[in-house]
Student: 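Below you will find the structure I want to go over with you.
Atoms considered below: every heavy atom in the structure, side chains included; atoms not considered: hydrogens, waters and symmetry mates.
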Amino acid sequence: MQLRQFYIYVMTNKYNRVLYIGITSDLLKRVYQHQQGSIKGFTYAYNATKLLYYEIWDTAESAIAREKQLKNWHREWKFNLIKELNPNLKDLAGDL
């Protein structure tokens, strides 16, 4: 039996000007939904279709805690974290 995993992810637009932090149990499906514009809200309004960063967590509780932590960070801190894993700010969706 495979344990369920949870993902914290960061989306942006093509200019890397906005950051959206979300949580999901199916990263591939959720990124696709953002790219297709089927989720109305922030990512739809700002055309945030590029996956910049993600983390994998074993429990929903730990993922939610991390999401809240990242949402409280300054923009510069978020970009520094992203650039540790993705220095060129490339779209990671193709790697999923």
Side-chain angles (χ1 to χ4, degrees):
M1 180 177 145
Q2 182 179 0
L3 293 176
R4 193 163 175 196
Q5 293 180 315
F6 298 88
Y7 301 86
I8 300 301
Y9 64 96
V10 180
M11 303 290 293
T12 190
N13 62 5
K14 68 179 180 178
Y15 304 108
N16 301 318
R17 290 196 181 129
V18 298
L19 292 177
Y20 171 81
I21 299 171
I23 183 173
T24 185
S25 61
D26 188 341
L27 185 60
L28 187 60
K29 178 180 176 183
R30 184 55 54 94
V31 169
Y32 180 78
Q33 290 171 332
H34 286 302
Q35 291 172 337
Q36 298 304 307
S38 60
I39 299 175
K40 305 300 183 211
F42 183 90
T43 56
Y44 180 82
Y46 290 93
N47 199 28
T49 59
K50 182 176 164 183
L51 177 65
L52 281 185
Y53 180 84
Y54 64 92
E55 297 176 359
I56 303 169
W57 293 86
D58 292 330
T59 66
E61 294 80 15
S62 58
I64 291 167
R66 178 64 167 163
E67 177 194 27
K68 287 179 180 180
Q69 178 188 41
L70 292 178
K71 284 184 173 186
N72 285 318
W73 281 15
H74 297 284
R75 181 179 175 81
E76 181 183 358
W77 298 355
K78 294 173 191 175
F79 270 111
N80 288 340
L81 175 67
I82 292 164
K83 287 179 180 179
E84 286 177 23
L85 180 73
N86 187 0
N88 297 320
L89 302 178
K90 75 173 201 156
D91 188 352
L92 300 176
D95 297 342
L96 297 179

Student: Test of understanding: clusters of I, L, V, M, F, W, Y form through side-chain heavy atoms closer than 4.5 Å, transitively. Do Tyr46 and Ile21 belong to the same one?
Tutor: no
Student: Mind listing the closest non-hydrogen atom pair of Tyr44 and Ile39 along with its distance?
Tutor: CB-O, 3.3 Å
Student: Do the side chains of Val18 and Trp73 join up, straight or via other hydrophobic residues, at under 4.5 Å, putting them in one cluster?
Tutor: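 No, no single cluster joins them.
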Student: What orientation do Tyr20 and Phe42 show, parallel under 30°, tilted 30 to 60°, or perpendicular over 60°?
Tutor: parallel
Student: Under the rule for salt bridge (charged side-chain N to carboxylate O under 4.0 Å, His left out), what residues qualify as partners of Lys90, not counting sequence neighbours?
Tutor: Asp95
Student: Could you tell me the separation between the CG atom of Leu52 and the CD1 atom of Ile82, rounded to the nearest 0.5 Å?
Tutor: 5.0 Å
Student: For a quick test of reading the model, state the closest non-hydrogen atom pair linking Ala63 to Ile23 and the distance between them.
Tutor: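 Taking every non-hydrogen atom into account, CB-CD1, 3.4 Å.
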Student: What's the separation between atom OH in Tyr9 and atom CG in Leu70, rounded to the nearest 0.5 Å?
Tutor: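 Rounded to the nearest 0.5 Å, the OH-CG separation comes out at 13.0 Å.
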Student: Does Tyr32 share a hydrophobic cluster with Leu28, counting links as ILVMFWY side-chain heavy atoms below 4.5 Å and allowing steps through other members?
Tutor: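 No, separate clusters.
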Student: Give, for atom CG of Asp58 and atom CZ of Phe6, the distance between the pair rounded to the nearest 0.5 Å.
Tutor: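 So the CG of Asp58 and the CZ of Phe6 are separated by 9.5 Å.
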Student: Using the rule that two of Ile, Leu, Val, Met, Phe, Trp, Tyr join whenever any of their side-chain heavy atoms come within less than 4.5 Å, decide whether Ile64 and Ile56 are in one cluster.
Tutor: no
Student: Do Ile8 and Gln69 touch side chain to side chain, with heavy atoms closer than 4.5 Å?
Tutor: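 A side-chain contact is absent here, since even the closest heavy-atom pair is not under 4.5 Å.
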Student: Could you please spell out the steps behind the side chain to side chain contact (heavy atoms under 4.5 Å, CB included) verdict for Arg75 and Leu19?
Tutor: CA-CA 8 Å; Arg75 181 179 175 81; Leu19 292 177; 4.2 Å; yes
Student: With respect to Lys50, which candidate in Asp91, Asn13, Thr12, Asn16 satisfies the side chain to side chain donor-acceptor pair (under 3.5 Å) definition?
Tutor: Asn16
Student: With distance as the sole test, does Asn86 use its side chain to make a donor-acceptor pair with the main-chain N or O of Tyr53 at under 3.5 Å?
Tutor: no
Student: Which heavy atom of Leu27 sits nearest a heavy atom of Tyr54, and at what distance?
Tutor: CD2-CG, 3.6 Å
Student: Looking at CZ of Arg30 and OG1 of Thr43, how far apart are the two atoms once the value is rounded to the nearest 0.5 Å?
Tutor: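 Arg30 CZ to Thr43 OG1: 9.0 Å, rounded to 0.5 Å.
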Student: How about Lys40: does its NZ atom have over 12 heavy atoms from other parts shown lying under 6.0 Å from it?
Tutor: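 Atom NZ in Lys40 is crowded, with more than 12 foreign heavy atoms closer than 6.0 Å.
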Student: For the residue pair Gln35 and Ala93, what are the closest heavy atoms and their distance?
Tutor: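 Shortest heavy-atom contact: NE2-CB, 3.6 Å.
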Student: Which heavy atom of Met11 sits nearest a heavy atom of Val31, and at what distance?
Tutor: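 Distance-wise, the nearest heavy atoms are SD-CG2, 4.3 Å.
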Student: Working to the nearest 0.5 angstrom, can you tell me the gap between Thr24 OG1 and Glu67 CD?
Tutor: 10.5 Å
Student: Where is the tightest heavy-atom contact between Arg4 and Ser25, given as atom of each residue plus distance?
Tutor: NH2-OG, 3.0 Å
